[in-house]
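Residue numbering restarts at 1 for every chain, and letters A, B, ... go by the order of the sequence lines. Note that the structure is a prediction, hence the values are computed from the model and not measured.
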Protein chains: 2
Amino acid sequence: MKRSGKRKTIYDLSALSGCSPSTVSAVLNGSWRKRRISEKTATLVLKLADSQQYTANRQARGLRRSRSGLVGLLLPLYDNRYFSSLAQTFEAMVRARGECPIVASASRDPRAERETAESLIAYSVDELFICGATDPDGVHEICEKAGLRHVNVDLPGTRAPSVISDNYDGACRLTEAVIRHCAATEPLRPEELYIFGGRDDHASRERLRGFRAVKRTLLGADPDVCIQPTGYSANNTRLAFEAFFAREGRLPRAIIINSTINLEGFLRFMAGFPDAAFKDLVVGCYDYDPFASFLPFPVIMIRQNVEAMLARAFEIIADPAAAAQIHLVAPELVPPRTALAGPLDALKDMPPRPAGRTTDATVAHPA
Amino acid sequence: MKRSGKRKTIYDLSALSGCSPSTVSAVLNGSWRKRRISEKTATLVLKLADSQQYTANRQARGLRRSRSGLVGLLLPLYDNRYFSSLAQTFEAMVRARGECPIVASASRDPRAERETAESLIAYSVDELFICGATDPDGVHEICEKAGLRHVNVDLPGTRAPSVISDNYDGACRLTEAVIRHCAATEPLRPEELYIFGGRDDHASRERLRGFRAVKRTLLGADPDVCIQPTGYSANNTRLAFEAFFAREGRLPRAIIINSTINLEGFLRFMAGFPDAAFKDLVVGCYDYDPFASFLPFPVIMIRQNVEAMLARAFEIIADPAAAAQIHLVAPELVPPRTALAGPLDALKDMPPRPAGRTTDATVAHPA
DNA sequence: GGGGCTTGCACAATCGATGGTGCAACTATT
DNA sequence: AATAGTTGCACCATCGATTGTGCAAGCCCC
């Protein structure tokens, strides 16, 4: 209120304390013992810094040291539970290391990915986690040119180490689980099991590969017509289901869906029918979403092990000798109607007030 | 590959082009006409910058200009669809203005909020959107001291302009909708309608106020026992439902739930029972989640108008004369089984490949 | 009491980009 | 041809923090 002035600098503290700026700097960044600053001076400066609410200008420090203390996460998007839990977990891990997480999204667009990476580099991030990038190698090239340590997560590149889910294994287990779930009623025929969603990215390819392999093994055939790639778009997925329904007058008995984004497309289709229309449907879906797990038909989900993947990625990025190889992390099969704990459970919540009259509104509401 | 060297600077370009660093700088930052640099020199430098892959060091520029081009969003958390869509929308809006979004989360902890704000200030963010902060005024003080423009979103403060949802109005509409939905079967009695979740924050208070007002008006009474605040914790919510069930041997006929996080707590409770146990339940819930909207019982949701709130917040933060007042934005009542479009629908997806054999895996899978 | 060692700090260059100012070399004018 | 005005650019201080180096004062010892 009183002092709306600018931020304090080491020069202000220097003037106030009577020491030189370099002494102040040394005290504040902890190198003062090494520089043989006396305990007395240090205490004085620290007290002053505290009373003046000093905070170091990170841009200046970053400029001088050519590192910023920022750790970047490049994401395709925020708005689904897989990526939002990834961001949440990443944030916690970076903070635990005493650094500052910076998250940016690039919309699954190779060009935006490169530009965002350049932008992060422009801010001198110290490390970059490239997650779900459509063109990891393009981003790699930019990072390498800038001498920036980086690692791919979720989608692999060929030029940098990559930590990804074992999508093939996940696909096998998911497909098998769906088939078995259906078989409890009546054996599933090959043409009754479809896969919707997916694109030409590595994850989709691996998932498709597992799908086909298991179908062939367990059901004896694997007709191409059961493959319906619709990209990562909810609306395209809805259109695909509508087209299917218009053609066949019904849905397949069992559907594997390539991501929760596509499953949202299915919701859009669902909205046109009562729940009863789906009572015999069995769905398998990549990526776990707690609410999706409780839809009115069985939804078997594959949860990627976000904590393990990130933990591995942190190890790798710390290792200067890490090779450009792929590290697989096993995903988890989640049965229908399962509410898993998530990263939010680690946050402590305040104790709730005892119930009672708490109608003390602070804003008068326009009647 | 070849040149793993460091990043190029204006001094490199200066040497290569034969012009002075300041000329290079002027050309690259666009101020060259004002500085009467010839078209010829400009083209030369620009071509050079392009061929050398020059990108400006934002820290240096930020240091000199004392602004960074960063726009900060302080969030309590990422991992639910309300906040993740907020982050997604924020990101798009900031990018549309040609600036760089930086998102950080503070776990709904007042202390972490202040530290995160200080950290963002240390990186010289130009503007800060304080979203869902438990202690907006504490953050305000820090911002003000640093001369940083800021605005509260989602939870109001008293010292800075705030854009929030009209939670009272939302609560009234939601409560009424739930009551009417139940009444279609058989009139609801006051003690059959509960509210779970919520804390002592402004949003919870307003929601509770609306809940009580409507209950009193439509149902004639509003017993305190129907108020079950459980904070913003899934597990506490689960415990509350378990305790209720242990006591009463059933659930209330109708439940209003203060946030999707609490609804996740309800899922944890649900997992112990078959869907049939919930066939007569009616739920109203704050914040919209597409999958939650399709749970096997009617879920009426309130969707906060994230785009409108952020748009308003951007207007306000651009207005130097903005007063510390509250701006209410109407939320939207979402009927059960509704799949709304979200911010992801704005992203373009690549056209899907035609269906076919796409088993060209690039990773050999450990058999 | 003088040489040598330690203590405690100040000085100044530096990181990369910016922008105010100064000044040659031209061109136009009378 | 001398003056005035324009064009085109270079010089240099600056933003705030870091860090290699230098140096005075104090202390020890013979």
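- Contact annotation: B:Ser25 side-chain N/O to C:dG16 OP1/OP2 distance is not under 4.0 Å.
- Pairs engaging residues 307-317 of chain A under the salt bridge (charged side-chain N to carboxylate O under 4.0 Å, His left out) rule: A:Arg303-A:Glu307, A:Arg312-A:Glu315 [sequence neighbours left out].
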Using atom types as modelled, flag every donor-acceptor pair under 3.5 Å from a side chain in residues 60-73 of chain A to any protein atom, sequence neighbours excluded.
unit_1, atom_1, unit_2, atom_2, d
A:Ser68, OG, A:Leu70, N, 3.0
A:Ser68, OG, A:Ser124, O, 2.5

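- Nearest to the side-chain atoms of B:Ser22 among the listed nucleotides D:dA17, C:dG16, D:dC12 stands D:dC12.
- Rounded to an integer number of Å, the gap from CD1 of B:Ile10 to P of D:dC15 is 17 Å.
- Below the 3.5 angstrom threshold, one finds no donor paired with an acceptor across the side chain of A:Ser20 and the base of C:dC9.
- In this structure, the nucleotide among C:dG8, C:dA10, C:dG16 sitting nearest to the side chain of A:Arg35 is C:dA10.
- Judged by distance alone, the side chain of B:Asp135 and the main-chain N or O of B:Gly138 form a donor-acceptor pair under 3.5 Å.
- Checking the phosphate oxygens (OP1, OP2) of D:dT18, a side-chain nitrogen or oxygen of A:Asn29 falls inside 4.0 Å.
- With hydrogens and angles ignored, no donor-acceptor pair under 3.5 angstrom links the side chain of A:Arg65 to the base of D:dT18.
- Using a 4.0 Å heavy-atom cutoff across all strands shown, B:Gly30 reaches no nucleic acid atom at all.
- Between A:Phe129 and A:Phe314, the ring-plane angle classifies as tilted under the 30° and 60° cut-offs.
- Residue contacts for A:Thr41: at a heavy-atom cut-off of 4.0 Å it reaches the sugar-phosphate backbone alone, with no base atom in range.
- Across all strands, B:Ala56 comes closer than 4.0 Å only to sugar-phosphate atoms, never to a base (heavy-atom distances).
- Contacts of B:Thr9 with the nucleic acid, taken as non-hydrogen atoms under 4.0 Å apart, involve only primed sugar atoms and P, OP1 or OP2.
- Under 4.0 angstrom from either OP1 or OP2 of C:dA17 there lies at least one side-chain N or O belonging to B:Tyr54.
- Whole-Å rounding puts the A:Glu39 CD to C:dG8 P distance at 10 Å.
- No donor-acceptor pair closer than 3.5 Å links the side chain of A:Arg149 to the backbone N or O of A:Cys143.
- Comparing C:dA13, C:dA17, C:dA10 against the side chain of A:Arg64 picks out C:dA13 as the nearest.
- Comparing atom distances between the A:Arg36 side chain and each of C:dT7, C:dC11, D:dA10 picks out C:dT7 as nearest.
- Distance CG (A:Leu63) to C1' (D:dT19): 14 Å, rounded to an integer number of Å.
- Which of D:dA10, D:dA17, C:dG16 sits closest to the side chain of B:Cys19 comes down to D:dA10.
- A sub-4.0 Å separation between OP1 or OP2 of D:dT18 and a side-chain N or O of A:Arg61 is present.
- One can place OH of B:Tyr123 at 18 Å from C1' of D:dC15, the figure rounded to the nearest angstrom.
- Contact between the side-chain N/O atoms of B:Thr23 and the OP1/OP2 oxygens of D:dA10 is found at a separation under 4.0 Å.
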